[in-house]
Amino acid sequence: MPDDARCPCLSGETYGACCGRFHTGLAGSGPDAVRAPTAEALMRSRYAAFAVGDADYLLATWHPSTRPAELDLDDDVTWRRLDVVATSAGGPLDRTGVVEFVAHFRSAETRERGSLHEVSSFVREGGRWFYVDGEHRG
C-alpha cells in the first residue's frame, strides 16, 4: 500500500504516517523501529495488516504463548471498515489492555458482507504490545 494512501484503520492519517510505520519496522524489532504505543494502536495496526495482507506483522505482534505456527490470510476477504467500540487500560504505562472492535469485511467470491465483533486482550512486555487472544461476540 502506498504511504500516501488513506490508512485502512480509518484513523484519518495516511498509511505511512499511521500503521505503515509499524508494519515497516516489523513490530518493533531493532533499536530504531517504531512500536505501537498503546493496545489500541496495536489493534488498529493489526487490522491494517489484515487489510494489506501482512501476515509477518500479524505473527510478530502475536504473543508467543498463543501465536500460531503460521497464518494463511484469505485473499477472498476485503476488510472495509474498523469501528473501535471500547478500550480498557492499554495505555503507554499499562501492562495489559482490552480493545473491543467491529471489523467489517466483504467476500469477493460471494459478494457477501459481514463483520467480526471481538474483544481482544493485549499485554505489554519489554516495552512492546502483543495481541494475546480475542473473544468473539455475536
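- Both L71 and V77 belong to a single network of hydrophobic side chains, linked directly or stepwise wherever heavy atoms of I, L, V, M, F, W or Y lie under 4.5 Å apart.
- To the nearest 0.5 Å, atom OH of residue Y47 and atom CG of residue D83 are 9.0 Å apart.
- Under the 4.5 Å side-chain heavy-atom criterion for Ile, Leu, Val, Met, Phe, Trp and Tyr, V85 and F122 are members of distinct hydrophobic clusters.
- With sequence neighbours excluded, the residues satisfying side-chain contact (heavy atoms from CB on, under 4.5 Å) with E109 are D76, S107.
- Evaluation of the side chain to side chain donor-acceptor pair (under 3.5 Å) rule for W79 yields no partner, not counting sequence neighbours.
- For P68, the side-chain contact (heavy atoms from CB on, under 4.5 Å) partners two or more places apart in sequence, or in a different chain, are L59, W62.
- Using a 3.5 Å distance cut-off with no hydrogens or angles, the side chains of S120 and Y131 do not pair a donor with an acceptor.
- The environment of R106 atom CZ is dense: over 12 non-hydrogen atoms of other residues, nucleotides or ligands sit within 6.0 angstrom.
- Side chain to side chain, R46 and T61 meet the donor-acceptor criterion of an N or O pair below 3.5 Å.
- For R137, the salt bridge (charged side-chain N to carboxylate O under 4.0 Å, His left out) criterion is met by E135, not counting sequence neighbours.
- Within the 4.5 Å cutoff, the side chain of V119 has heavy atoms near those of the V98 side chain.
- Evaluation of the side chain to side chain donor-acceptor pair (under 3.5 Å) rule for E125 yields H63 as partners, not counting sequence neighbours.
- P37 and F22 make their closest contact through CD-CZ, 3.9 Å (heavy atoms, listed as atom of the first residue, atom of the second, distance).
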Apply the test side-chain contact (heavy atoms from CB on, under 4.5 Å) to residues E40 and V84: give CA-CA distance (whole Å), side-chain angles for both, the deciding distance (0.1 Å), then the verdict.
CA-CA 8 Å; E40 181 179 339; V84 175; 3.9 Å; yes

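- No side-chain heavy atom of F105 sits under 4.5 Å from any side-chain heavy atom of T78.
- When the side chain to side chain donor-acceptor pair (under 3.5 Å) test is applied to T38, no partner is found at least two apart in sequence or on another chain.
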